[in-house]
Number of protein chains: 2
Amino acid sequence: MSDEDCGLRERKKRETRLALHRAALDLVEESGFDAVTTDQIAARAGVSSRTLFNYFPNKESAVLGATPADPDEMRALLDARPASEPILRSLRAIVETRLSPTTYDPQLRAQRRRVILSESSLGPALVGNNIRVENILTELVAERLGLDPAESVRPRVTVASALAAVRACIEHQHTGGRGTVEETVDEAFALLEHGFA
Amino acid sequence: MSDEDCGLRERKKRETRLALHRAALDLVEESGFDAVTTDQIAARAGVSSRTLFNYFPNKESAVLGATPADPDEMRALLDARPASEPILRSLRAIVETRLSPTTYDPQLRAQRRRVILSESSLGPALVGNNIRVENILTELVAERLGLDPAESVRPRVTVASALAAVRACIEHQHTGGRGTVEETVDEAFALLEHGFA
DNA sequence: GCGCAATTTTGCAGCGAGTGCAAGAATTGT
DNA sequence: ACAATTCTTGCACTCGCTGCAAAATTGCGC
């Protein structure tokens, strides 16, 4: 996926996109999300402010380097999981992939992770409140469970809870909570799986 | 609470607040959330645009008539629930109270409900993404469970999942899903209680 | 009532996010 | 090298929201 379409045009676009993402991450890490303007990000990336919005729909997405959730891509992710796996576990894997994309170079990934875990303005944009992602996943989960998403809320509630759980764990970090994200996510999904009762 | 402090000043403030809320609801019901500007809301309420933001922190809050989440108030709500009640059930009751405040006159409440269920821009502002509410509830739930919210994620995950579940049910309505909100919320909380496994 | 203090409203000036549009620059295939 | 396509840029603009200081309103002691 990263080597196909190697025209100059496509390569430049990838470079620009990455430059914007890097610039955004750097600036946010330096001064905090709210103190950084989109103009500054564009300037550091060496591109006009208008161009930033050709690549990302908003500031948050630029910082996250968010790729516009593609249904096919997510379907591929889900299909990659064994059919026998409990749906929650598959969901968790998918969400974690979105959280730290494996196509990144490790250093950038680490920085992204650092920023996500320290900037609370980003949580919502990442997993919570991301209606588009929720809708796509709901559709996919319904399919796998053999349910009609218009008939039963179950798929949607499953997805929403999973996303919320991850976001809660990130929030837990923001508020200085104990444990690594991995540990707390473990705990959270155990709760979802076996019930809060 | 609605009769105390009956000075002219306090009464006028309540009137203005209500006027803004009503204006916002009316306009949004007429034209949709995105098509309504804060200036229009203020104008219909007969106050300056600047005044709107003296009463509400943002457009969404004006439409929702959102009262700034008060820790003490929420504690009172929780304390009103029997101590033996499962925490999820208490949470559900609290969230539902926030969803349709009992201090409203029925007609306004109905309108508010209608708007909430038809305007998807509002879901986030109501329950999801409401970090402040989540933090307060997390604290309270931790207390009731006898846990330290910094030690265990459980309280936070419980709260986040409950909020997410309700938001998911509202979203279910938005997307034309079947069933009343009550039914779907029932189903959702049953899942949370007994687990998704 | 009267006048002073506290509070509220308002206008204004301004910032930052985000968009539509049209002109200009770069890249492509031929 | 030329034309078609695509990307970038600048510009003007809307909208949400904020700070500030002046003006209006209300509360209170007399």
Side-chain angles (χ1 to χ4, degrees), chain A residues 4-21 23-25 27-28 30-68 119 121-122 124-125 129-132, chain B residues 4-21 23-25 27-28 30-66 68 119 121-122 124-125 129-130 132:
Chain A
E4 73 191 31
D5 217 338
C6 256
L8 175 63
R9 180 160 250 146
E10 216 59 30
R11 205 185 65 223
K12 272 203 162 186
K13 274 175 76 174
R14 270 203 293 269
E15 275 169 13
T16 304
R17 185 182 194 83
L18 187 59
L20 281 166
H21 180 33
L25 275 179
L27 283 167
V28 168
E30 284 169 22
S31 335
F33 184 82
D34 294 336
V36 171
T37 72
T38 53
D39 285 2
Q40 288 170 357
I41 298 174
R44 180 168 300 198
V47 96
S48 89
S49 344
R50 189 64 186 76
T51 298
L52 187 151
F53 291 104
N54 289 339
Y55 283 88
F56 300 100
N58 50 49
K59 197 165 94 164
E60 287 88 341
S61 301
V63 176
L64 294 174
T67 241
E119 283 291 336
S121 316
L122 293 175
N129 190 16
N130 197 332
I131 297 298
R132 187 168 159 68
Chain B
E4 73 191 34
D5 217 337
C6 258
L8 175 63
R9 184 160 247 147
E10 216 59 30
R11 205 187 63 225
K12 273 204 160 187
K13 275 176 76 173
R14 270 203 293 269
E15 276 169 12
T16 304
R17 184 183 195 81
L18 188 58
L20 281 166
H21 180 31
L25 276 179
L27 284 167
V28 168
E30 286 168 20
S31 333
F33 184 82
D34 294 337
V36 171
T37 70
T38 53
D39 285 0
Q40 289 170 356
I41 297 174
R44 180 167 300 197
V47 300
S48 86
S49 342
R50 189 65 186 75
T51 298
L52 187 151
F53 292 103
N54 290 339
Y55 283 88
F56 300 100
N58 49 50
K59 197 166 95 165
E60 288 89 340
S61 301
V63 176
L64 295 174
E119 285 290 337
S121 318
L122 292 176
N129 191 14
N130 198 330
R132 189 170 157 68

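Lettering of chains follows the sequences in order, A, B, ..., and the numbering in each one begins at 1. Just so it is clear, the model here is predicted, and its values are computed rather than measured.
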- Task: Would you please confirm or rule out a distance under 4.0 Å between OP1 or OP2 of C/dT10 and any side-chain N or O of B/T51?
- Result: yes
- Identified salt bridge (charged side-chain N to carboxylate O under 4.0 Å, His left out) counterpart of A/E15 within the set A/K12, A/R17, A/R11: A/R11
- Message: Keeping A/Q40 on the side-chain end and A/T37 on the backbone end, is there a donor-acceptor pair under 3.5 Å?
- Response: yes
- CZ/A/F53 to CG/A/L20 distance, rounded to the nearest 0.5 angstrom? 10.5 Å
- Atom CD of B/Q40 to atom C1' of D/dT14: distance rounded to whole Å? 12 Å
- Query: Is there side-chain contact between A/D39 and A/S49, with at least one heavy-atom pair below 4.5 Å?
  - Reply: yes
- Query: To the nearest angstrom, how far is B/R17 atom CZ from C/dT8 atom P?
  - Reply: 13 Å
- Task: Determine the minimum heavy-atom distance between A/A42 and A/L52, stating which atoms define it.
- Result: N-CD1, 4.1 Å
- Note on the structure: Scoring nucleotides 17-27 of chain C by protein non-hydrogen atoms under 4.0 Å (B base, S sugar-phosphate only, - none) yields SSBBB----BB
- In whole Å, what is the span from the CD1 atom of A/I41 to the C1' atom of C/dG16? 12 Å
- Item | Contact under 4.0 Å: B/Y55 side-chain N or O vs C/dT9 OP1/OP2 | yes
- Query: Below 4.5 Å, heavy atoms only, C-beta onward: do A/I41 and A/K59 meet side chain to side chain?
  - Reply: yes
- Note on the structure: When rounded to whole Å, the CG to P distance for the pair B/N54 and D/dC20 reads 14 Å
- Note on the structure: Axis-to-axis angle for the helix from C/dG1-D/dC30 to C/dA23-D/dT8, ends of five pairs each, to 10°, equals 20°
- Query: How many angstroms lie between NE2 in A/H21 and CZ in A/F56, if you round to the nearest 0.5 Å?
  - Reply: 7.0 Å
- Interatomic distance, CZ@A/R44 vs CG@A/L25, rounded to 0.5 Å, equals 11.0 Å
- Here the distance between atom P of D/dC15 and atom CG of B/L27, to the nearest Å, is 14 Å
